[in-house]
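Please read all numbers here as calculations on a predicted model, not as lab measurements. No hydrogens, no waters, no symmetry mates; every other heavy atom, side chains included, goes into these values.
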Amino acid sequence: MGGSSGGGAVGRRTFLAGAVGLVTAATLSACTFDAGPTPTTRTPTATPTPTGTPTPVPSPRSMVRSRWSHDPFARGAASFTAVGATDQNRIDLAAPVGDRLFFAGEACSVEQPGTVDGAIASGADAARALRDVAVGGERIAVIGAGASGLTAARALIEAGFTVRVIEARDRAGGRVASRSSDSWPVPVELGPWTIAEGDDAFRQQLDQAGVGYTTFDRIDDVRTSAGATVTASPVGADAVTSAVEWSSGGPHDVTVDRALTASGAGALSTEKDADGVSPADWLAYDLGARVAPRTGASSDRLSAWNGGAAESGDGIGDFIPTDGFSEMVEKLADGIDVLTKSAVTQVSYTDTRVGIRLATGESLTVDRAIVTVPLGVLKGDALSFIPELPLTKARAISILGMGTVDRIWLRYDEPFWSSTATVFSTVGTDAAVARWVNLQPVTGDAVLVGTIAAGHASAIAELGDDAALAAVLPSLEPFLATPAEGTGPGSPTPTPPSST
């Protein structure tokens, strides 16, 4: 049989994919969110840069977006199991180095990788492991003030240790992000933004912080490029499941793409039915609108053995917060000494101490440390370890993947779409946005939330606001109400959103 089944254990969870750093209340008009050290708000230029044929879809009044590949403190949204990786790599990543250096974060979780629950559980595990070897009065550093780091820090403080949390950003929260404004009906969550039934640890933290949430009644509307509503076919998901099952009997791991080809499961007919959709279209739909948004990975990188491609769910949960997830972060961070705007550039360790050097040139020495920086940062060269990390840990960092998912929120004065469904998606097109969530039935306001995944996310992250808007709006064309006379190809490019 093939490798272990880490991807299969995740089930319905709230994934970190698309997450960004915590931002306090800010004006949310048209803006870009780079998730870097200092997020900015700006108004797009007067004339958007056109990309291809102008779209009849109107531009929103306001826009907020994330750009994960531009975030120096994350370098991606959440980990995924790339081809060749197994549960053992996550175990190796989480393993302490001696009894001085400990590691935590969603990428260290075998049971719940890529999720908020995984980050919380990993932080608690690292705190327990450190507590087992430390003695009272020791000084502990926690590198990273995300859900994992804050969980570890709080557990250690409660155990009587002196703890300092070191955070590169100018706020705590890591990849949990809320932006609040009176001009939006709900907090704009650019990280995890819905809650699933299985999010036990996450929901417990939300409940303790008094964060409210409401049930999200999911109603899907799948349309062709011509705007015809069609019944979603399971043929694509069935092909992926068949390919994954085939791969488990192979001598070595392969990508999902390779499994689809070699098993024959992906050899689906391209003949269109009466709606203009072929079985091959449904396979592309499943990979682009289900697998990619949940993992942040394209099927030519995702492990067939352990990538969870056959698991259900696309990252849209059962509840939507009515309060910001940042309130949970504030509760976790309450009373914890968090040193912000302090990127760690070097960690040196011996049998007796850990030295930490900051980008500011300052340094500090502690007895032990827990490293909770994202996998994407560990993959880069911004943080070095002296001596170098053990080979097994270095291999885990190298072979595990860091997925890319971005979120884009659009606010309109009035809905232009013809559907009353809460989830929009298209089949038979290579849409830039995998799925749109229509929040109007929930909030009464014309708000759409789009998820951009894998290759599309990487490409659009390279664009400025206006070009990015021009790239994503065409995916909404199938949901237009009866177009007004004069709209369509050749019509003037919509004006960009303006500051309010």
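When side chains are defined from C-beta on, Val230 counts as touching Thr224, because their heavy atoms get closer than 4.5 Å. The shortest side-chain heavy-atom distance between Tyr285 and Arg290 does not fall under the 4.5 Å cut-off. Side-chain contact between Leu400 and Ser79 is absent, with no heavy atoms from C-beta onward closer than 4.5 Å. Residues Leu480 and Val57 meet the side-chain proximity criterion, which asks for heavy atoms closer than 4.5 Å. Inter-residue side-chain proximity for Asp445 and Gln440 is flagged as unmet; no heavy-atom pair is nearer than 4.5 Å. Between Val449 and Trp436, the closest side-chain pair of non-hydrogen atoms is not below 4.5 Å. Proximity of Ile219 to Thr420: side-chain heavy atoms (C-beta onward) are nowhere separated by under 4.5 Å. The shortest distance between side-chain heavy atoms of Ser312 and Arg294 does not fall below 4.5 Å.
In summary, the side chains of Asp117 and Thr115 do not present any donor paired with an acceptor at a separation below 3.5 Å, with no hydrogens or angles considered. Residues Ser69 and Arg75 bring no donor and acceptor atom of their side chains to less than 3.5 Å of each other. Judged purely by distance below 3.5 Å, without hydrogens or angles, the side chains of Asp281 and Ser278 pair a donor atom with an acceptor atom. In this model, no donor atom of one side chain and acceptor atom of the other lie less than 3.5 Å apart for Thr426 and Arg223.
At a threshold of 4.0 Å, the pair Asp92-Arg90 does not count as salt-bridged, since none of the basic side-chain nitrogens sits closer than that to a carboxylate oxygen. A salt bridge does not link Asp300 with Arg258: none of the charged nitrogens is closer than 4.0 Å to a carboxylate oxygen. Electrostatic pairing of Asp406 and Arg67 does not count as a salt bridge here, judged by no charged N lying under 4.0 Å from a carboxylate O. Ion pair Asp413/Arg61 flagged as a salt bridge, since at least one NZ, NE, NH1 or NH2 atom sits closer than 4.0 Å to an Asp/Glu carboxylate oxygen. A salt bridge does not link Arg179 with Glu189: none of the charged nitrogens is closer than 4.0 Å to a carboxylate oxygen. Using a 4.0 Å cut-off between charged nitrogen and carboxylate oxygen, Glu106 and Arg175 count as a salt-bridge pair.
Heavy atoms only, all atoms of each residue included: Ser419 and Ala421 are closest at OG-N, 3.0 Å. In terms of heavy-atom proximity, Gly84 sits nearest to Asn89 at O-OD1, 4.2 Å. Residues Ala434 and Pro293 come closest through the heavy atom pair CB-CG, 3.5 Å. Contact between Ala446 and Pro415 at its shortest, heavy atoms only, is CB-N, 3.7 Å. Between Ala280 and Thr270, the closest heavy-atom pair is CB-CG2, 4.0 Å. In terms of heavy-atom proximity, Trp246 sits nearest to Ala262 at CH2-CB, 3.4 Å.
Listed for the Ser398 side chain is no donor-acceptor partner under 3.5 Å among the backbone atoms of Ala394. Between the side chain of Arg411 and the backbone N or O of Ser183, at least one donor-acceptor pair lies under 3.5 Å. Checked by atom type and distance alone, the side chain of His456 never pairs as donor or acceptor with a backbone atom of Val433 at under 3.5 Å. Judged by distance alone, with hydrogens and angles left aside, the side-chain atoms of Arg407 form a donor-acceptor pair with the main-chain N or O of Gly191 at under 3.5 Å. In this structure a side-chain-to-backbone donor-acceptor pair under 3.5 Å is present from Thr241 to Ala237. A donor-acceptor pair under 3.5 Å links the side-chain atoms of Ser109 to the main chain of Gln112, judged by distance alone. Side chain of Ser248 to backbone of Glu245: a donor-acceptor contact under 3.5 angstrom is found. Listed for the Ser303 side chain is no donor-acceptor partner under 3.5 Å among the backbone atoms of Val83. A distance-only check finds no donor-acceptor pair linking the side chain of Asp199 to the backbone of Arg203 [under 3.5 Å].
Note on ring orientation: taking the six-membered ring where Trp is involved, the planes of Phe424 and Phe479 are parallel (angle under 30°, cut-offs 30° and 60°).
Atom OH of Tyr412 is separated from atom OG of Ser62 by 10.5 Å, given to the nearest 0.5 angstrom. Distance check: Trp305 CH2 to Thr86 OG1 gives 9.5 Å after rounding to the nearest 0.5 Å. Asp323 CG to Met328 CE: the interatomic distance, rounded to the nearest 0.5 Å, is 13.0 Å. For the atom pair Ser148 OG and Ile120 CD1, the distance stands at 9.0 Å (nearest 0.5 Å). Interatomic distance, Phe416 CZ to Leu448 CG, rounded to the nearest 0.5 Å: 5.5 Å. The CG atom of Leu302 lies 8.5 Å from the OG1 atom of Thr255; values are rounded to the nearest 0.5 Å.
For Ser458, the side chain to side chain contact (heavy atoms under 4.5 Å, CB included) partners are Thr404, not counting sequence neighbours. Legend: residues meeting salt bridge (charged side-chain N to carboxylate O under 4.0 Å, His left out) with Lys379, ordered by chain and number and at least two apart, are absent. Residues satisfying the side chain to side chain contact (heavy atoms under 4.5 Å, CB included) criterion with Ala94, sequence neighbours excluded, are Cys108.
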Next item on the list: List the steps and the verdict of side-chain hydrogen bond (donor to acceptor under 3.5 Å, both in side chains) for Ser425 and Asp220.
Entry: CA-CA 8 Å; Ser425 57; Asp220 280 80; 4.9 Å; no
Checklist line | Candidate pair Val405 and Ile452, rule side chain to side chain contact (heavy atoms under 4.5 Å, CB included), full reasoning | finding: CA-CA 6 Å; Val405 177; Ile452 312 168; over 6 Å; no
Check: Could you go step by step and tell me if Leu206 and Ile195 meet the side chain to side chain contact (heavy atoms under 4.5 Å, CB included) rule?
Finding: CA-CA 10 Å; Leu206 293 172; Ile195 310 159; 3.6 Å; yes
Next item on the list: May I have the step-by-step check of side chain to side chain contact (heavy atoms under 4.5 Å, CB included) for Asn438 and Val423, ending in yes or no?
Entry: CA-CA 6 Å; Asn438 171 23; Val423 180; over 6 Å; no
Note to self: Could you walk me through whether Val291 and Asp286 satisfy the side chain to side chain contact (heavy atoms under 4.5 Å, CB included) test, starting with their C-alpha distance in whole Å, then the side-chain angles of each, then the deciding distance to 0.1 Å, before giving a yes or no?
What the structure shows: CA-CA 7 Å; Val291 177; Asp286 187 71; 4.0 Å; yes
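Both tests do not hold together for Arg65 against Trp409: distance to the six-membered ring centre under 6.0 Å, angle to the ring axis within 45°.
Put simply, the residue from Thr422, Asp318, Thr194 that forms a side-chain contact (heavy atoms from CB on, under 4.5 Å) with Phe216 is Thr422.
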